[in-house]
Protein chains: 2
Amino acid sequence: MGRCENCIIRQFNSLRAMSKEELKRVSDTKTTKLVKKGETIFGEGDKLNGVFCVRDGVSKLSKLSPNGKDQIVKLATKGAVLGQRSVITEEVANLSAIAVNDMEVCFVPKDAIMDSLNSNPNFAVEVLRHIAHDLKEADDVIVNMSQKTVKQRIAEAFIYLEENFGKDKNGYLALTLSREDIANVVGTATESAIRIISDFKKLGLIKAFGKKVAIADRNGLNEVAKGS
Amino acid sequence: MGRCENCIIRQFNSLRAMSKEELKRVSDTKTTKLVKKGETIFGEGDKLNGVFCVRDGVSKLSKLSPNGKDQIVKLATKGAVLGQRSVITEEVANLSAIAVNDMEVCFVPKDAIMDSLNSNPNFAVEVLRHIAHDLKEADDVIVNMSQKTVKQRIAEAFIYLEENFGKDKNGYLALTLSREDIANVVGTATESAIRIISDFKKLGLIKAFGKKVAIADRNGLNEVAKGS
DNA sequence: CGGCTCATTGAATATGGTCAACGCAAGTGG
DNA sequence: CCACTTGCGTTGACCATATTCAATGAGCCG
């Protein structure tokens, strides 16, 4: 099992602001887990005793709405730290974290985190910056959700997926989501999403092969996203 | 002009975690402003040189969507600190802050804030807790926006307004928003909001007198909000 | 009294959700 | 190997919801 001090992933998240000693402590108390596609890392309402640092794979963070539908609030990938928010506010988890593909995550007990927060201002400020950035993104999502059509949001989602997760050798989006997951990301019914995706295909904006999708006309998609 | 050390408002926000010396410094550099209803405290894209602490009145924090419509992301009242997020990430403001009624705000230059953040872990963690809480709320708003109908969201909005801003002696909501503002809070067209409000009135859920609104049947509204 | 701003209403249209059916591919167990 | 299930993706038809454009009213202020 690797040592946090040498972990490259750390460069992407707030743990990079920890001192050598702090990292050593984290490394000594952490455990590494493999999470299979579809498995739950933690669920809404769970009491979290630490945070999860994503080393590999992708997790969806979602919340069940009162009407019984899941809304995916964000996708977390390599470098993300899950559960941070709940640990800080000492509340139960507000979102569920479910693996979208096979993952490798490190669990870091909360004491190591909280002690560093309370004693190392550099670390606290670094975490603060990350959360502040998340908040900005969340505000932007609110605006998108409430002001854009489903079609625009789906177009944006594809662009987002390509930008953040890249493509495989055949040009398909490297992260393959089920139609249902796509619908849950943009907040619509699965059938609605399917219809729009099918339209995009007919318009030549994307290519689709089973659940795999490739962006064929990036500019065109962009036009749609901005409202054509 | 009052001294921050004696300011009661401070109890509601992260400034309560500052030491006496830090507060003194804030107090010496701060300025107090009166902002009239409709005036802009800062706009999207502005570079902020400090934060604004709300002593009285209410501000709407909104963002213009690409299609030209304003989305009100949140309402900030007594005790709220505006612009905090932008100062922390050293980005331009992501939202506009506009006074919904006459306000009194204190402007605190960012140096005092940043220096305390970097040297006082108590303060940093307190700010962190606040922002983490804001993030949770934002995530919840995302779920509401994408999964609930306009009718549900308007019902929730009225309940929210009563809970957070109270009523006047006649039972009307103490914070009076224009129909357009209500529409912008729930993310819909003004006419849609108006129609639904008019329905609520016919159903006896609310009373309306011009732009003033009073909740008549709290339980009924709650039913609607949960989806009846 | 204009001239404003905002609330209100109607009618036509667009957009999205729901229900139901069918196809296809990947297992699974006999 | 075949019948059977199961999970998705896909499509159609219908209904509900929300937007848009347009017109009218109601109150307010100089």
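Just so it is clear, the model here is predicted, and its values are computed rather than measured. Every chain is numbered from 1 and lettered A, B, ... according to where its sequence line falls, protein lines coming before strand lines.
Rounded to the nearest 0.5 Å, atoms CG (Asn222(B)) and CD (Glu156(B)) are 9.0 Å apart. For the atom pair Asp140(A) CG and Gln71(B) CD, the distance stands at 11.5 Å (nearest 0.5 Å). To the nearest 0.5 Å, the span separating CD1 on Ile182(A) from OG on Ser192(A) amounts to 13.0 Å. To the nearest 0.5 angstrom, Ile206(B) atom CD1 is 12.0 Å from Glu162(B) atom CD.
The CG atom of Asn67(B) sits 13 Å away from the P atom of dT15(C) (whole-angstrom rounding). Per the geometry, CZ belonging to Phe200(B) stands 17 Å off C1' belonging to dT8(C), to the nearest Å. dA7(C) atom P lies 11 Å from atom CG of Asn184(B), rounded to whole Å. Rounded to a whole Å, the NZ atom of Lys212(B) is 13 Å from the P atom of dA7(C). Rounded to whole angstrom, the span from the CG atom of Asp199(A) across to the P atom of dA14(C) amounts to 15 Å. One atom, CD of Gln152(A), and another, P of dA14(C), lie 16 Å apart when rounded to the nearest Å.
The environment of Lys148(A) atom NZ is dense: over 12 non-hydrogen atoms of other residues, nucleotides or ligands sit within 6.0 angstrom. Residue Lys151(B) places its NZ atom among 12 or fewer non-hydrogen atoms of other residues, nucleotides or ligands, all under 6.0 Å distant.
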Heavy-atom protein contacts under 4.0 Å, nucleotides 8-17 of chain D, coded B base, S sugar-phosphate only, - none: -SBBBB----
What string of B, S and - do you get for nucleotides 21-28 of chain C 5' to 3' if you count protein non-hydrogen atoms under 4.0 Å? --------
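Rounded to 10 degrees, the angle separating the terminal axes of the helix from dC1(C)-dG30(D) to dG30(C)-dC1(D) is 30°, with each axis obtained from five end pairs.
Side-chain contact between Asn170(B) and Lys212(B) is absent, with no heavy-atom pair separated by less than 4.5 Å.
Tested against Val213(A), the residues Thr176(A), Leu173(A), Leu175(A), Leu177(A) include a single side-chain contact (heavy atoms from CB on, under 4.5 Å) partner, Leu173(A). Just one of Asn13(B), Ile8(B), Asp56(B) meets the side-chain contact (heavy atoms from CB on, under 4.5 Å) condition when paired with Lys78(B); it is Asp56(B). Applying side-chain contact (heavy atoms from CB on, under 4.5 Å) to Leu205(B) and the options Asp217(B), Asp199(B), Ile197(B) leaves one that passes, Asp217(B).
The side chain of Thr188(B) contributes no N or O atom lying less than 4.0 Å from OP1 or OP2 of dA18(D). A close approach under 4.0 Å does not occur between any side-chain nitrogen or oxygen of Lys69(B) and OP1 or OP2 of dA18(D).
For the pair Lys30(A) and Phe107(A), the cation-pi test (distance below 6.0 Å, angle within 45°) is failed.
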